[in-house]
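Just below is one structure, and these are the notes that go with it.
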Amino acid sequence: RCDVYNNDMYTTSITCWLDLEQTIIASWDDVFLINVGSIKEFLKDRGITEVGIFSFAIYNEADKEEFQKNVKPIIERALGVTVILWPSVRDMIRIDKQYTGDHFDSENEVHDYIQFRGKKDGFINYINATCNFDTAILIDDVVPDLTLSHRFDGWSIELWNVDSLGKRK
């Protein structure tokens with residue numbers, strides 16, 4: 001379980017995170033739901049009722065507000081879950097800097113972070129920096145199917161490509 005602070009600063013647990021674009025919605029500008037059946041089944045099979053959003057589509061505070069107002073309710077209704085955390089890319093960068101000590105060019109900070117870290121390494125750093133967990137899962141359209149396990153502590157980070165849901169157990 002992943003203990004993090006949600007947007008209201010109350011501690012909560014998240015085990016599963018979803019990307020937005022090309023994973024659960026077509027794009028930020030076209031909030032047309034996709035892959036609902038396979039994601040809903042994946043969550044139900046694992047008893048997951050709360051999810052986080054880990055998406056490079058949410059750049060800043062304005063995007064977080066837009067997500068909360070217009071996108072979050074649609075996803076919650078479609079999947080039957082509660083979305084409890086949706087960090088922006090700027091939040092991810094701040095946490096990554098604190099965790100790794102790496103800094104990105106301030107003029108191109110968001111672009112550099114996305115290009116340098118990518119979704120896989122960005123998620124791994126975010127989870128390692130913010131969470132006390134047994135298993136953390138990311139469902140995304142660009143990540144490879146991958147499980148990272150710590151052999152001494154027993155925790156794991158699972159990356160699931162949305163196209164392989166139902167094919168991989």
Side-chain angles (χ1 to χ4, degrees), residues 1-44 46 48-99 104 106 108-131 133 136-143 157-163 165:
R1 297 174 72 168
C2 178
D3 296 322
V4 296
Y5 290 98
N6 69 15
N7 289 333
D8 295 323
M9 298 307 291
Y10 296 103
T11 302
T12 189
S13 294
I14 301 174
T15 56
C16 189
W17 299 75
L18 305 174
D19 175 45
L20 290 175
E21 295 179 305
Q22 294 302 307
T23 298
I24 189 65
I25 62 172
S27 73
W28 186 250
D29 297 320
D30 181 14
V31 184
F32 177 77
L33 293 171
I34 58 175
N35 300 312
V36 171
S38 58
I39 294 172
K40 189 173 185 172
E41 182 178 343
F42 180 93
L43 299 173
K44 182 181 176 194
R46 286 156 183 78
I48 297 169
T49 59
E50 297 177 331
V51 298
I53 300 296
F54 193 85
S55 174
F56 292 160
I58 303 174
Y59 269 45
N60 53 35
E61 290 301 313
D63 289 344
K64 286 171 74 170
E65 290 174 22
E66 174 74 17
F67 173 80
Q68 183 175 11
K69 180 179 175 186
N70 296 316
V71 182
K72 179 180 176 277
I74 295 168
I75 292 172
E76 289 178 330
R77 275 193 304 274
L79 297 179
V81 297
T82 303
V83 177
I84 57 175
L85 187 67
W86 49 97
S88 69
V89 178
R90 297 237 180 249
D91 295 331
M92 295 173 200
I93 292 168
R94 179 181 46 78
I95 289 166
D96 193 280
K97 282 181 186 178
Q98 292 170 347
Y99 179 67
F104 302 93
S106 60
N108 300 307
E109 186 175 58
V110 170
H111 177 267
D112 288 354
Y113 173 78
I114 291 170
Q115 293 301 312
F116 182 67
R117 282 290 181 255
K119 191 60 72 73
K120 177 177 73 77
D121 291 334
F123 182 71
I124 291 167
N125 285 354
Y126 183 86
I127 292 300
N128 283 328
T130 62
C131 299
F133 62 94
I137 300 166
L138 173 64
I139 300 172
D140 194 298
D141 65 305
V142 299
V143 298
I157 296 174
E158 298 179 17
L159 305 176
W160 287 75
N161 188 288
V162 69
D163 293 331
L165 294 181

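Residues: numbered from 1 along the sequence shown.
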Measure across [X] and [Y] and return the closest heavy-atom pair with its distance rounded to 0.1 Å.
X	Y	result
S55	V89	O-CG2, 4.1 Å
Y113	G122	OH-CA, 3.5 Å
Y59	R90	O-CG, 3.1 Å
L165	W160	CD2-CE3, 3.6 Å
A136	I127	CB-CG2, 3.8 Å

* N161 side chain to V143 backbone, donor-acceptor under 3.5 Å -> yes

* To do: Determine which pairs satisfy ring pair (Phe, Tyr, Trp, His ring centres under 6.0 Å) with at least one residue from residues 18-40, sequence neighbours left out, and list them in order.
  => none

Distance, nearest 0.5 Å, that separates [atom1] of [X] from [atom2] of [Y]:
X	Y	atom1	atom2	answer
E158	R46	CD	CZ	7.5 Å
I24	I34	CD1	CD1	7.5 Å
F56	M92	CZ	CE	6.0 Å
I48	W17	CD1	CH2	12.5 Å
Q68	I58	CD	CD1	10.5 Å

* Knowing that exactly one of D141, L18, V162 qualifies, which makes a side chain to side chain contact (heavy atoms under 4.5 Å, CB included) with N35? -> V162

* To do: Under the side chain to side chain donor-acceptor pair (under 3.5 Å) rule, collect the residues that match up with D96, sequence neighbours excluded.
  => T100, R117, N125

* Structure fact -> Applying side chain to side chain donor-acceptor pair (under 3.5 Å) to D112 and not counting sequence neighbours gives none

* For residues 17-39, which residue pairs qualify under salt bridge (Lys or Arg N to Asp or Glu O under 4.0 Å), counting only residues two or more places apart or in two chains? -> D19-K119

* To do: Might you confirm whether atom NZ of K120 has over 12 heavy atoms from other residues, nucleotides or ligands at distances under 6.0 Å?
  => no

* Asked: Which is it for E61 and K64 under the salt bridge (charged side-chain N to carboxylate O under 4.0 Å, His left out) test, yes or no, and what are the steps along the way?
  -> CA-CA 5 Å; E61 290 301 313; K64 286 171 74 170; 3.4 Å; yes

Listing, residues 75-84 side-chain donor-acceptor contacts under 3.5 Å, not counting sequence neighbours, or none:
unit_1	atom_1	unit_2	atom_2	d
E76	OE2	K72	NZ	3.0
E76	OE2	V83	N	2.8

* Asked: N128: what forms a side chain to side chain contact (heavy atoms under 4.5 Å, CB included) with it, not counting sequence neighbours?
  -> Y99, I124, F133, W155, I157

